[in-house]
Amino acid sequence: MVRFDYHTHSNYSDGYFIPGMVRAAEAAGLEGIGFADHCNVTAEGDARRRLDGLGFALDETYERRRQGIEWARTETEIEIFDAVEMDYVPGREADIAEFLEAAGFDYAVGSVHSVDGADVQWSENFVGLDDDGRRAVVDGYYDNLAALADSELFDIAAHADLIERTPELRGYSTVEHYEQAAAAFADSDTVPEINAGRVLDDYGEFHPAPDLLTTLLDHGVEFTVGSDAHHPEEVGRRIDALERHFDDHGIEPATLDV
Ligand SMILES: [Zn+2]
Ligand SMILES: [Zn+2]
C-alpha cells in the first residue's frame with residue numbers, strides 16, 4: 001500500500017504551491033508528501049545563471065521554503081517532508097555533502113540529470129550524435145548512477161533510467177548496464193524509487209522500465225514511491241498508477257526513517 005510520496009515539486013522549483021499539493025496528497029489518501037525541489041550546488045557560470053533565472057535554486061531558498069512547510073503543517077493532519085532533489089555530479093561529493101549537512105533536510109533525493117554537463121532530458125543535446133556517440137552518453141549515465149549509489153550521499157535515487165525518457169537515448173541500455181546498477185544499489189543504503197513522472201505521458205513507462213526493474217528486484221533492491229508530481233492534478237492519478245504497479249509486482253514500497 002502506498003502511504004508516502006517522497007518525490008514531488010513545489011513552486012520553490014518547477015512545481016505548484018505547497019498547500020495545493022498537500023490537499024491533493026490528502027485526497028489521494030496519502031499519509032505523507034515530500035517536497036523534493038531541484039537543487040544544484042555544483043553549477044557554475046552560465047549553468048548557474050540559468051538555474052537562478054529559472055528559480056531552480058533551493059540551495060538559496062530552502063530556509064524560506066522551510067517556513068512555508070512549517071505553516072502548511074499547521075493546516076493538515078498528514079506529514080509534510082522537507083526534502084531536496086539534488087543534482088549528483090561525480091567528483092563533487094564533498095561540496096554536496098557539505099551542503100546537505102548544513103541544510104539538514106528530512107532526507108535527500110539524488111539525481112543524475114546530466115552526463116559531462118549535457119542535460120540528458122534535452123533531445124537537442126543528442127540529435128546530432130551517431131550511434132556510438134549516443135552509446136557513450138548512456139555508458140556515462142550508468143557510470144554516474146552507480147557512482148551516486150556508491151557515494152551514499154542520498155536516501156533515495158531518483159528515476160534510475162532517466163535516459164529512457166529521451167527518444168534519442170532510448171533503447172541503448174543493456175543487460176550490462178542493468179547489472180551495473182543493480183550491483184551498486186544492492187550494496188548501497190541509497191534506495192531507488194519507482195518514479196511515475198512520465199508513465200501517463202508520452203513515454204508511458206515507470207522509471208525503472210521493466211527490464212531494469214526486474215534486474216533490481218532479482219538483486220533484492222527495494223523501492224520508494226515518487227510521483228514526481230509538479231501539479232495537484234498529477235498526484236492522485238500517479239499514486240493510483242503506482243499503487244497498481246506495486247501490486248502487480250507483489251512488492252511493498254520502502255519507507256524512510258524520517
Ligand atoms: Zn529529476
Ligand atoms: Zn523531480
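In what follows, every heavy atom counts, from backbone to side chain, and hydrogens, waters and symmetry copies are set aside. Read the numbers this way: they start at 1 and go in the same order the structure lists the ligands and their atoms.
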*Nearest atoms (heavy-atom pairs only) where Gly68 meets Ile18*: C-CD1, 4.5 Å
*If you look at every heavy atom in Asp161 and Ala209, which pair is closest and at what distance?*
OD2-N, 2.8 Å
*Could you name each residue pair satisfying salt bridge (charged side-chain N to carboxylate O under 4.0 Å, His left out) that touches residues 3-32, not counting sequence neighbours?*
Arg3-Glu31, Arg23-Glu26
*Test Met21 against every option in Pro232, Ser10, Ser227 by the side-chain contact (heavy atoms from CB on, under 4.5 Å) rule and name the one that passes.*
Pro232
*Is it true that Arg48 and Asp52 make a salt bridge, defined as a side-chain N closer than 4.0 Å to a carboxylate O?*
yes
*Protein N/O/S neighbour count - the Zn ion (ligand 1), strictly under 2.8 Å*: 3
*asked:* Can you confirm whether or not the ring centre of Phe105 sits under 6.0 Å from the ring centre of Tyr62?
replied: yes
